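I have placed the structure first, in the form of structure tokens, so that the comments after it can refer back to it.
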Amino acid sequence: MTGINWFGFETSNYGAHGLWSHDCKPMIDQMKTLGYNTIHLPCSYDIFKGTQPNGITYANGLNAEQLAELPPTGSSGPSAG
């Protein structure tokens with residue numbers, strides 16, 4: 001298992017860092033290409049208090065279906081390799 005930390009959920013953006021400039025799929029593909037097979041997503045409990053993510057540019061191709069496909073924290077999904 002080789003992991004990488006993708007921060008942002010613990011910040012006031014409440015979402016993974018970089019989604020304002022890139023779609024999540026190519027970013028995850030790049031992590032996979034670099035040999036990472038586990039993504040750690042640190043978060044703040046504030047995200048469970050009804051907060052909304054901000055700083056995500058949906059024009060980059062990210063949509064609700066892609067967000068729903070992301071595995072929950074503590075698990076890995078097919079995109080992670």
Side-chain angles (χ1 to χ4, degrees):
M1 181 183 332
T2 304
I4 191 167
N5 189 55
W6 193 359
F7 73 93
F9 284 95
E10 78 283 16
T11 69
S12 59
N13 286 349
Y14 305 114
H17 182 77
L19 295 180
W20 54 83
S21 61
H22 300 286
D23 181 25
C24 68
K25 179 71 170 127
M27 293 174 76
I28 292 172
D29 288 344
Q30 181 182 20
M31 292 175 209
K32 185 176 177 181
T33 299
L34 292 171
Y36 297 103
N37 58 15
T38 305
I39 301 170
H40 176 249
L41 299 171
C43 64
S44 165
Y45 285 106
D46 288 343
I47 67 171
F48 302 110
K49 295 180 180 178
T51 56
Q52 294 293 317
N54 60 71
I56 297 174
T57 305
Y58 294 96
N60 291 325
L62 184 68
N63 59 47
E65 289 80 23
Q66 287 175 306
L67 285 173
E69 291 174 7
L70 291 176
T73 302
S75 66
S76 62
S79 292

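Note that the structure is a prediction, hence the values are computed from the model and not measured.
To the nearest 0.5 Å, atom CE of residue Met27 and atom OG of residue Ser21 are 6.5 Å apart. Atom-to-atom distance recorded for Ile39:CD1 and Asn5:CG is 10.5 Å, nearest 0.5 angstrom.
For the pair Met1 and Thr38, the tightest heavy-atom approach, listed with the atom from each and the gap, is CG-OG1, 2.9 Å.
In the hydrophobic clustering of this structure, Ile4 groups with Trp6; members are Ile, Leu, Val, Met, Phe, Trp, Tyr whose side-chain heavy atoms approach within less than 4.5 Å, directly or through other members. Taking hydrophobic clusters as Ile, Leu, Val, Met, Phe, Trp and Tyr residues chained together by side-chain heavy-atom distances below 4.5 Å, Leu34 does not share a cluster with Phe7.
The backbone N or O of Gly8 lies less than 3.5 Å from a partner atom in the side chain of Glu10, making a donor-acceptor pair.
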